[in-house]
There are 2 protein chains.
Amino acid sequence: MHATAAQVTLFPRADKPRPARPVLRDVTPHARSCTSCSLRKICMPVDVEGAQAQQMFRDLVTTRIRLHKGDVLFRAGDRFTALYSVRVGSCKTVTLTDDGSEQVSGYHLPGEIIGVEGIGNDVHAARAIALEDTEVCVMPFDRVQQLAHEDASFQRQLYRLLSTAIVRERSATTMLGTMRAEQRLATFLLDLSNRYQVRGYSSTEFVLRMTREEIGSHLGLKLETVSRLFSRFDEEGLVEVQGRVIKLRDRIGLQQLLCAS
Amino acid sequence: MHATAAQVTLFPRADKPRPARPVLRDVTPHARSCTSCSLRKICMPVDVEGAQAQQMFRDLVTTRIRLHKGDVLFRAGDRFTALYSVRVGSCKTVTLTDDGSEQVSGYHLPGEIIGVEGIGNDVHAARAIALEDTEVCVMPFDRVQQLAHEDASFQRQLYRLLSTAIVRERSATTMLGTMRAEQRLATFLLDLSNRYQVRGYSSTEFVLRMTREEIGSHLGLKLETVSRLFSRFDEEGLVEVQGRVIKLRDRIGLQQLLCAS
DNA sequence: CGACTAGTTGAGGCCAGTCAATGTTGGTGG
DNA sequence: CCACCAACATTGACTGGCCTCAACTAGTCG
């Protein structure tokens, strides 16, 4: 039982304290409002009615936060004060398991909202870390609540946000409970592809922002297994893998992997 | 009265259409209000203030539904109209996976609320089935929403309900992603034990209401593995297993299983 | 009784984990 | 600019945990 350095610190970037500013908060003085945001349809697809509610919606985002690769947005146990929406870049969320190890619970692309799991307890249940240089919008939760109270369609959207998080987590559960390794990785790639497409990026060619180990952690696999599968998918012509650059070559083939027992 | 003669594959009870009443809805004419319910502290731990809100809280549950073993409370795809709280008995929820198979996503004891995953989409994402003769309270969601709008502490409770569902699903994900078979089963038993204890039942001796196959489905294991593990736990003196009757003999030992790599 | 469901146990195989060696990439300082 | 180092990634050999297939028992119900 030799504890190598690698074993102790599973995600080194995550824990490495940045000098003098673990989280840097560059406040944009006149934050552009959600109303005119290009990500609005993805992030907050809602039609707020009434002058007062519209004003509140404009003022929903008070600040933006710039994160460098590896910076921590919030930690498990931090007081929950706001929801965060990814504007540029991407993040991962990491959950501590009972036995002390960590698991990547999700990857978050532009337009996706982070932090919902903290709503009930006033405390965040996960750690959020930037995978690259990233900018997030801060929506203070008291403002969110006030707007939800004022406007019914925003209230609906907030409920939708929470319940889709439940459904997403559940589908992750069924994936881990029923699928084999190749199916999990195929699911992961197809999911990423879809999400990029929705955002107007290429659905067939993208760059993975996370390591093999992080992918494996998310899928309940070891990094070697992930690496081997990438190689095999490449050989079989399903995808083309060059390091972190992924090109989907045979989407149908990937989807068929899922049907197979 | 009694369900019989089913064959099929995975969950025969679930798919068998009951004659003329797939779901039976015995409306209790004067449903007792939540205010005086013995399960209230577990089910709805909230202090509603104000006369009007208190009245709405009293009228929250309109009807109760009696279910026999195997009866379906709602199906995946059913329109979402209400939250349900288990009053007596127990239920399982079953989720359809992408490839058509099914997985048990949860077991629900008295005082637990079912159906939250439907809130956002107006549609239930799972099927809920009674594991024994069961009674559930119906909370029509429009009433829930109105009360949440009226009373801040109830609104909080509703958020808490949703976010704890997220956290629970996530911990299931980490369980399936990181634990080995024996750890999953130990986790399952300890979790049940805790939940029974909170409800005032014995935490060391209880009856499993589900089959080995259903347990396995929930834990991402095959029924044979579950059976073997029960036998092994029994041999090792961790638990005493007599069919579905479980007696925890060495709680510490079970907990230590979780720490071990 | 026979038919059926639930559960237990055994034998064998395969998928993914483990351990280990090696190759590749990217950031940093001289 | 290059050299260097650490992190990341690939690949191979081997192991073992869980699945699969199968036989058998016990209990239930018509």
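Each chain gets a letter, A, B and so on, in the order its sequence line appears, and its residues count up from 1.
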Let me know the distance between [atom1] of [X] and [atom2] of [N], rounded to the nearest Å.
X	N	atom1	atom2	answer
B/Leu229	D/dC18	CG	P	7 Å
B/Leu185	C/dG7	CG	P	13 Å
A/His68	C/dG27	NE2	P	13 Å
B/Arg180	D/dC18	CZ	P	6 Å
B/Leu176	C/dA16	CG	C1'	16 Å
A/Gln242	C/dG23	CD	P	21 Å
A/Glu214	D/dA7	CD	P	14 Å
A/Lys69	D/dC8	NZ	C1'	10 Å

Quiz item: With no hydrogens and no angle check, is any side-chain donor or acceptor of B/Ser193 less than 3.5 Å from a backbone partner on B/Ser203?
Solution: yes
Quiz item: Looking only at side chains, do B/Ser105 and B/His218 share a donor and an acceptor under 3.5 Å apart?
Solution: no
Quiz item: Taking the side chain of B/Lys222 as heavy atoms from C-beta outward, which of C/dG7, D/dC8, D/dT20 is closest to it?
Solution: D/dT20
Practice problem: Among B/Arg209, B/Arg244, B/Lys69, find the residue that satisfies the salt bridge (Lys or Arg N to Asp or Glu O under 4.0 Å) test when tested with B/Glu132. | Solution: B/Arg209
Would one find a side-chain N or O of [X] under 4.0 angstrom from OP1 or OP2 of [N]?
X	N	value
B/Ser227	C/dG7	no
B/Arg228	D/dC18	no
A/Ser231	D/dT10	no
B/Arg244	C/dG7	yes

Quiz item: Counting any heavy atom closer than 4.0 Å, what does A/Leu223 reach on the DNA or RNA strands: base, sugar-phosphate only, or nothing?
Solution: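 A/Leu223: base contact, heavy atoms under 4.0 Å.
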Exercise. With heavy atoms under 4.0 Å as the rule, sort A/Gly216 into base, sugar-phosphate or nothing.
Key: nothing
Quiz item: Less than 4.5 Å apart, any side-chain heavy atom of B/Leu208 and any of B/Val245?
Solution: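 With C-beta onward as the side chain, the pair stays apart.
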Self-check item: Sole residue of B/Ile65, B/Asp78, B/Val86 in side chain to side chain contact (heavy atoms under 4.5 Å, CB included) with B/Leu73
Solution: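 Among B/Ile65, B/Asp78, B/Val86, the one meeting side chain to side chain contact (heavy atoms under 4.5 Å, CB included) with B/Leu73 is B/Ile65.
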Practice problem: Could you tell me whether the side chain of B/Glu224 has a donor or acceptor atom within less than 3.5 Å of a complementary atom in the base of D/dC21? | Solution: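 Indeed, a donor on one side and an acceptor on the other fall under 3.5 Å apart.
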